[in-house]
Amino acid sequence: MRFSKAFIYTSKETPAEATLPSHIFLLRGSYIQSVGAGLYNFLPLGKRVLDKIRAIVKEELDKAGCQEVDLAFVTPSELWIESGRYEKYGKELLRFRDRKDAEFVLGPTHEEMMVNLVRSYVKSYKQLPLNLYQIKTKFRDEIRPRFGLMRGREFIMKDGYSFHESYKDMLKEFNKMEKTYSTIFKRMGLDFRIVEADSGAIGGSGSKEFMVLANSGEDTIVVCDSCDYGANIEAAKRVAPKAPEEKPEMTFGKFYTPNVSTIEDLSKFLHIEPYWIVKIVAKKALFDGGVEKIVLFALRGSDELQEVKAQNVIDANELLDVEASELEALGLVPGFLGLKDLPNDILVVADKELEGENCCVSGANEKDYHYVGVDLTKLDLTYKDIAQVKEGDICPKCQKGKLSFTKGIEVGHIFQLGTRYSKPLKAEFLDKNGKLKPFEMGTYGIGVSRLLAAIIEQHHDNKGPIWPVTVAPFEVEIIISNVKKEEELTKANELYEVMQKEGIEVLIDDRKERFGFKMNDFELLGIPYAIIVGKKIGENKVELVDRKSLEKEEISFEQVLDKLKEKLNK
RNA sequence: CGGAGUGUAGCGCAGUCUGGUAGCGCACCUGGUUUGGGACCAGGGGGUCGAAGGUUCGAGUCCUUUCACUCCGACCA
């Protein structure tokens with residue numbers, strides 16, 4: 001490609017809205033163009049990188065026995081109603097009607113469509129296992145799209161679905177996909193970690209996320225300092241923390257605690273560690289059919305509620321904040337919420353680490369009063385894991401390492417779905433005994449467009465991205481120092497043609513610009529190597545520049561091709 | 001959804017308080033000089049001032065409505 005003819009328009013100005021390096025460089029380098037909230041055009045450079053990423057994904061999946069399909073983007077809403085996700089998916093699902101007033105959704109993911117496809121063809125265990133995937137545009141009407149390609153509304157995802165006759169067989173595929181995904185991300189030069197995850201709106205049991213470690217990541221991941229445990233904070237577990245002090249002596253009683261409504265104040269007032277105080281977090285939960293319910297979550301005062309865990313244990317679609325007035329309407333007293341003397345129909349979930357606790361402090365559901373010495377074992381409570389892991393907690397896997405937080409960008413997610421979709425959608429096959437059984441399923445996603453951003457977040461300097469060769473838009477750029485010098489122009493063109501014949505992806509900067517201008521563009525584009533054809537061409541010498549180190553190496557014109565091929569492993 | 005802010009040339013912005021001929025930098029076009037780290041000189045093209053309504057002799061500027069976008073938060077009684 002000749003730069004003088006290419007649709008590449010770099011900019012010196014940093015766009016006002018961009019804060020992350022990936023967003024800034026993608027815009028400045030004319031890889032993408034912003035067209036609206038969370039919507040982007042891919043320009044030639046961006047498209048080239050996207051295609052490289054796509055190709056790697058496809059190559060590895062096909063090698064692993066997966067088959068590519070391409071499903072309709074616009075999907076009839078009946079399928080979504082059938083699976084029960086029409087409501088559960090919430091506002092992120094874009095719904096609309098066609099001219100005949102039929103309802104449709106823009107696919108945010110394709111479980112329904114894929115199950116629908118497979119159930120209409122696959123009737124026998126002999127046709128299994130099966131792993132189908134597509135690399136396709138998705139639309140999710142995000143509450144707050146941001147950070148460029150990191151969180152867009154329209155984005156490109158690889159979504160794959162596997163179908164099996166048994167749970168065991170599904171697990172085998174799940175493990176295979178874990179390996180395949182690792183290979184894919186390694187080929188892109190990414191430093192990532194596989195962590196345990198929450199399965200969110202997709203549903204299902206076991207799930208793992210592939211997190212690219214980067215400070216700008218939106219996800220907090222919990223890692224152990226002495227083993228390989230890693231989990232998204234939404235799913236992280238821990239060894240129950242030890243009590244910070246010996247259990248205090250308390251006999252049951254009601255205490256006058258005027259204006260003491262926070263855990264911190266109460267701890268000081270009673271001279272007791274928050275560990276012994278039961279904190280109640282009230283939330284408004286939204287369920288299917290628009291049902292709203294106030295739910296109380298009980299935790300140790302030293303802990304915080306993990307909302308995703310909380311939402312999952314009660315199977316709610318969303319958790320919202322509660323107004324004080326809404327609590328008062330139920331006869332509850334904000335600031336003095338407790339576990340005793342609650343209205344009968346209220347849903348209460350206690351953290352599992354409180355189970356068996358027989359001596360703690362809790363609100364009395366009465367203004368300015370708390371109970372002490374409350375015995376939880378005498379109350380009929382549901383116990384679930386709803387507390388958020390903290391830094392310094394003990395690792396659940398090795399039981400000795402300390403947990404700490406780090407930030408990650410989620411680029412892949414694999415789920416063991418089981419029969420979560422096959423059952424409601426009646427996707428069944430005949431097993432060896434002639435019995436109808438729902439498919440055991442797995443589902444596997446890769447954020448293809450997000451990968452562009454993730455790769456830059458991990459590979460850049462202050463001048464621009466530094467693309468790994470495997471995903472770079474071009475492998476090398478030839479920079480003609482001064483196009484008015486006949487010899488430079490001729491030699492550079494000669495090199496350009498030889499390289500093209502050799503199958504090297506090359507961009508030649510043949511613009512009538514000054515040397516510095518071209519070097520800056522080379523750095524901003526992030527192409528892995530440059531060959532400068534300049535003033536030393538008279539001595540038959542050119543320079544090879546490594547984008548990463550920015551070091552220049554002088555070599556003879558004849559050697560440059562071999563040297564470059566060596567660097568590119570060609 | 002709550003809070004804050006911004007919409008003026010392709011991009012980045014000034015002008016709005018105090019109404020009176022729509023500006024600057026980058027980019028773009030022409031000519032010339034320059035050519036190893038984002039050159040310089042001269043000339044030039046490009047605007048429904050987000051939209052609608054109102055006040056006024058006169059609105060980018062004041063008032064009302066509306067749309068879009070960006071940033072922060074979604075938190076713990």
Side-chain angles (χ1 to χ4, degrees), chain A residues 9-20 23-24 27-28 30 33-39 90-91 141-148 153 257 259-266 274 277-284 286 294-307 309-310 318-328 330 332-338 351 362-365 367-368 370 386-388 463-464 479-485 488-489 509 511-524 530 532-537 541-543 545 550 552 554:
Chain A
Y9 306 104
T10 57
S11 160
K12 256 196 288 196
E13 314 257 14
T14 298
E17 76 269 17
T19 51
L20 291 191
H23 194 187
I24 292 170
L27 289 169
R28 283 189 50 206
S30 69
Q33 180 193 33
S34 164
V35 289
L39 305 174
K91 288 182 180 156
D141 201 356
E142 293 279 349
I143 314 173
R144 197 178 153 213
R146 56 182 134 182
F147 303 142
R153 290 195 295 169
T257 52
N259 291 320
V260 180
S261 62
T262 66
I263 299 294
E264 200 186 332
D265 290 350
L266 191 60
I277 300 171
V278 176
K279 162 157 89 178
I280 308 286
V281 182
K283 290 280 165 186
K284 181 158 57 179
L286 296 186
I294 302 291
V295 186
L296 301 184
F297 295 99
L299 304 148
R300 289 196 186 274
S302 49
D303 279 326
E304 295 188 1
L305 181 67
Q306 210 323 303
E307 283 201 31
K309 286 183 182 178
E318 210 179 337
L319 289 185
L320 302 171
D321 293 340
V322 186
E323 298 289 324
S325 58
E326 292 175 274
L327 291 178
E328 282 155 10
L330 286 169
L332 298 170
V333 187
F336 300 92
L337 295 176
D351 185 58
S362 103
N365 291 324
K367 187 164 167 45
D368 295 339
H370 279 87
I386 55 171
Q388 178 151 307
K463 297 180 171 202
I479 296 171
I480 307 172
S481 178
N482 183 351
V483 290
K484 286 202 175 158
K485 299 252 167 79
E488 290 182 20
L489 190 63
D509 196 342
R511 296 174 299 172
K512 292 187 188 77
E513 297 289 349
R514 293 161 76 95
F515 177 74
F517 187 90
K518 294 182 180 184
M519 276 304 284
N520 277 308
D521 267 359
F522 159 69
E523 284 152 359
L524 175 59
I532 303 169
V533 179
K535 57 190 179 188
K536 292 222 170 139
I537 196 67
K541 282 190 174 146
V542 296
E543 284 159 287
V545 189
L550 291 177
K552 294 172 187 166
E554 210 167 83

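Chain A is the first sequence line, chain B the second, and so forth, proteins listed ahead of strands; every chain is numbered from 1. The structure displayed is predicted, hence computed values, not measured ones.
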Note to self: Does A/Lys463 reach a base, just sugar-phosphate, or nothing at all? Heavy atoms under 4.0 Å.
What the structure shows: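 Base contact.
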Notebook entry, point to check: For A/Ser11, which contact category applies under a 4.0 Å heavy-atom criterion: base, sugar-phosphate, or nothing?
Noted result: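 Nothing: the residue A/Ser11, judged by heavy atoms under 4.0 Å, touches no strand.
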Write down the distance separating the [atom1] atoms in [N] and [M], rounded off to the nearest Å.
| N | M | atom1 | result |
| --- | --- | --- | --- |
| B/G38 | B/A22 | P | 38 Å |
| B/G12 | B/G7 | P | 11 Å |
| B/G54 | B/G43 | C1' | 44 Å |
| B/C24 | B/C62 | C1' | 26 Å |
| B/U18 | B/G31 | C1' | 45 Å |
| B/G20 | B/G58 | P | 15 Å |
| B/C63 | B/G46 | C1' | 33 Å |
| B/C1 | B/C75 | C1' | 15 Å |

Residue list, side-chain contact (heavy atoms from CB on, under 4.5 Å) with A/Glu264, at least two apart or on another chain: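 side-chain contact (heavy atoms from CB on, under 4.5 Å) list for A/Glu264, sorted by chain: A/Thr262, A/Lys268.
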With both distances under 3.5 Å as the test, what is the Watson-Crick or G-U wobble partner of [N]?
| N | answer |
| --- | --- |
| B/A59 | none |
| B/G45 | none |
| B/G38 | none |
| B/A51 | B/U65 |
| B/G2 | B/C72 |
| B/A77 | none |
| B/G19 | none |
| B/G10 | B/C26 |

Hey, could you give me the [atom1]/[atom2] distance between [X] and [Y], rounded to the nearest 0.5 Å?
| X | Y | atom1 | atom2 | answer |
| --- | --- | --- | --- | --- |
| A/Lys512 | A/Phe517 | NZ | CZ | 13.5 Å |
| A/Lys536 | A/Glu554 | NZ | CD | 3.5 Å |
| A/Arg146 | A/His23 | CZ | NE2 | 12.5 Å |
| A/Ile537 | A/Ile532 | CD1 | CD1 | 11.5 Å |

query = Where do A/Glu307 and A/Leu319 come nearest, in terms of heavy atoms and distance?
reply =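 Minimum heavy-atom separation between A/Glu307 and A/Leu319: O-CD1, 3.7 Å.
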Go through the N and O atoms of the side chain of A/Lys552 and the base of B/G37, and report whether any donor-acceptor pair is under 3.5 Å.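 Counting by modelled atom types and ignoring angles, a donor-acceptor contact under 3.5 Å is found here.
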Checklist line | Side chain A/Glu523 and base B/G37 donor-acceptor under 3.5 Å | finding: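 For A/Glu523, whose side chain was compared with the base of B/G37, there is a donor-acceptor pair (under 3.5 Å).
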- Task: Kindly indicate whether the side chain of A/Thr257, heavy atoms from C-beta on, has any atom under 4.5 Å from the side chain of A/Phe336.
- Result: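 Yes, side chains in contact.
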- prompt: If we only count heavy atoms from C-beta on, is the A/Arg153 to A/Leu39 side-chain gap below 4.5 Å?
  reply: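 A side-chain contact exists here, since the closest heavy-atom pair is under 4.5 Å.
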Check the distance between [N]'s [atom2] and [X]'s [atom1] and give it to me in whole angstrom.
| X | N | atom1 | atom2 | answer |
| --- | --- | --- | --- | --- |
| A/Glu543 | B/G37 | CD | C1' | 12 Å |
| A/Lys535 | B/U34 | NZ | C1' | 15 Å |
| A/Glu513 | B/C40 | CD | C1' | 14 Å |
| A/Lys12 | B/C28 | NZ | P | 10 Å |
| A/Asp521 | B/A39 | CG | P | 11 Å |
| A/Asn482 | B/G37 | CG | P | 12 Å |
| A/Lys512 | B/G36 | NZ | C1' | 20 Å |
| A/Lys485 | B/U34 | NZ | C1' | 11 Å |

Given protein heavy atoms under 4.0 Å, the one-letter contact record of nucleotides 41-50 of chain B, with B base, S sugar-phosphate only and - none, is simply ----------
Reading nucleotides 70-77 of chain B from 5' to 3' and marking B where a protein heavy atom lies under 4.0 Å of the base, S where only the sugar-phosphate is that close, and - otherwise, the string is SSBBBSBB
Kindly point out which of B/C69, B/G36, B/G38 is positioned nearest to the side chain of A/Arg153?
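Closest nucleotide among those given: B/C69.
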Using ring-ring contact (aromatic ring centres under 6.0 Å, His included) as the criterion, list what pairs up with A/Phe147, not counting sequence neighbours.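 None.
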Problem - Partners meeting ring-ring contact (aromatic ring centres under 6.0 Å, His included) with A/Tyr9 (sequence neighbours left out) - result: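 Checked A/Tyr9 against ring-ring contact (aromatic ring centres under 6.0 Å, His included); matches are A/Phe7.
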inquiry  = Less than 4.0 angstrom between a side-chain N/O of A/Arg514 and OP1 or OP2 of B/G38, yes or no?
reply    =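 Answer no for this pair, as no side-chain N or O of A/Arg514 is under 4.0 Å from OP1 or OP2.
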Charged N-O contact under 4.0 Å between A/Glu488 and A/Lys535: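 Here A/Glu488 does not pair with A/Lys535 in a salt bridge, since their nearest N and O are not under 4.0 Å apart.
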Who passes side-chain hydrogen bond (donor to acceptor under 3.5 Å, both in side chains) against A/Arg514, sequence neighbours left out?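 Partners of A/Arg514 under the side-chain hydrogen bond (donor to acceptor under 3.5 Å, both in side chains) test: none.
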